[in-house]
Amino acid sequence: MSLFAVVSQQLDNTAAVDAALRTYPGKSNRWSTTLAVVAASGTAQSLVSALALEDDQRHGLFVVRLSPDYYGYSSTAFWDWIKETFQADANG
């Protein structure tokens, strides 16, 4: 399992983030209205397919696999979730 960032370029398009949370309950975390982090198997392309978005909802969508080399500022709960997810992936 890998961590992916699901990012919408358009501030008024929350469909991808909403779909990520709905498609991956318990394995996704909303950071903002335009960014979700998702724990999923497969590729970025397979994750986008699983979101089952309409063509107009995919415009401006960016999905990328994250690495365990990260840094930033957010809630402790968010960073703890990311750390635990990476550790679970490393432990198989």
Side-chain angles (χ1 to χ4, degrees):
M1 189 157 315
S2 299
L3 278 178
F4 294 89
V6 176
V7 184
S8 176
Q9 179 184 28
Q10 300 172 339
L11 296 177
D12 61 342
N13 183 2
T14 63
V17 171
D18 294 341
L21 298 172
R22 186 175 55 254
T23 305
Y24 297 94
K27 295 186 177 193
S28 57
N29 201 313
R30 179 189 302 269
W31 192 17
S32 71
T33 57
T34 59
L35 172 63
V37 178
V38 176
S41 299
T43 64
Q45 186 175 2
S46 64
L47 189 148
V48 171
S49 295
L51 298 181
L53 297 168
E54 300 293 327
D55 287 342
D56 63 326
Q57 295 172 324
R58 289 191 299 256
H59 182 74
L61 177 63
F62 177 65
V63 177
V64 62
R65 184 185 315 263
L66 300 176
S67 79
D69 183 16
Y70 55 87
Y71 185 81
Y73 297 92
S74 191
S75 70
T76 301
F78 183 76
W79 295 119
D80 287 347
W81 180 82
I82 288 178
K83 180 181 176 183
E84 291 165 7
T85 304
F86 273 125
Q87 286 175 342
D89 185 44
N91 295 333

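These numbers come from the heavy atoms of this one structure, side chains and all, not from hydrogens, waters or symmetry mates.
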Requested in this report: Can you see which heavy atom on Leu61 is nearest to which on Ala16, and at what distance?
Outcome: CD1-CB, 3.5 Å

Requested in this report: Examine Phe4 and Met1 and state if one hydrophobic cluster contains both, with Ile, Leu, Val, Met, Phe, Trp and Tyr joined whenever side-chain heavy atoms are less than 4.5 Å apart.
Outcome: no

Query raised in the report: Roughly how far, to the nearest 0.5 Å, is CG of Leu21 from NZ of Lys27?
Result: 14.5 Å

**Report entry** Taking every non-hydrogen atom, the tightest pair across Arg30 and Val17
**Finding:** NH1-CG1, 3.3 Å

**Report entry** Nearest non-hydrogen partners of Ala20 and Val38, listed with the distance
**Finding:** CB-CG2, 3.7 Å

Query raised in the report: According to a 4.5 Å side-chain heavy-atom criterion applied to Ile, Leu, Val, Met, Phe, Trp and Tyr, with indirect links allowed, do Leu66 and Val7 form part of one hydrophobic cluster?
Result: yes

Query raised in the report: If Ile, Leu, Val, Met, Phe, Trp and Tyr residues are connected whenever their side-chain heavy atoms lie under 4.5 Å apart, and connections chain through other members, are Leu35 and Tyr70 in the same group?
Result: yes

Report summary line: Minimal heavy-atom distance between Ala39 and Thr85, with the atoms involved, is CB-CG2, 3.7 Å

Query raised in the report: Can you tell me how far OG of Ser8 sits from CZ of Arg58, rounded to the nearest 0.5 angstrom?
Result: 13.0 Å

**Report entry** Flag if over 12 foreign heavy atoms under 6.0 Å of CD, Gln10
**Finding:** yes

Query raised in the report: Do Phe62 and Val6 belong to the same hydrophobic cluster, where Ile, Leu, Val, Met, Phe, Trp and Tyr are linked whenever their side-chain heavy atoms lie under 4.5 Å apart, directly or via other members?
Result: no

Query raised in the report: Any side-chain donor-acceptor pair under 3.5 Å between Ser74 and Trp31?
Result: yes

Query raised in the report: Hey, what do you get for CD (Gln87) to CG (Asp80), rounding to the nearest 0.5 Å?
Result: 9.5 Å

Query raised in the report: If you look at every heavy atom in Phe78 and Val37, which pair is closest and at what distance?
Result: CZ-CG2, 3.7 Å

Query raised in the report: Under the ring-ring contact (aromatic ring centres under 6.0 Å, His included) test, which residues partner Trp81, sequence neighbours left out?
Result: none

Query - Spacing of Asn29 atom CG and Tyr24 atom OH [to the nearest 0.5 Å] - result: 15.5 Å

Query raised in the report: Just checking, is any N or O donor in the side chain of Thr14 or Asp18 under 3.5 Å from an acceptor N or O on the other one?
Result: yes

Requested in this report: Dump the intermediate steps for side chain to side chain contact (heavy atoms under 4.5 Å, CB included) on Ile82 and Leu3, then the final yes or no.
Outcome: CA-CA 8 Å; Ile82 288 178; Leu3 278 178; 3.9 Å; yes

Query raised in the report: Taking all atoms of both residues into account, what is the closest heavy-atom pair of Ala50 and Thr23, and its distance?
Result: O-CG2, 3.7 Å

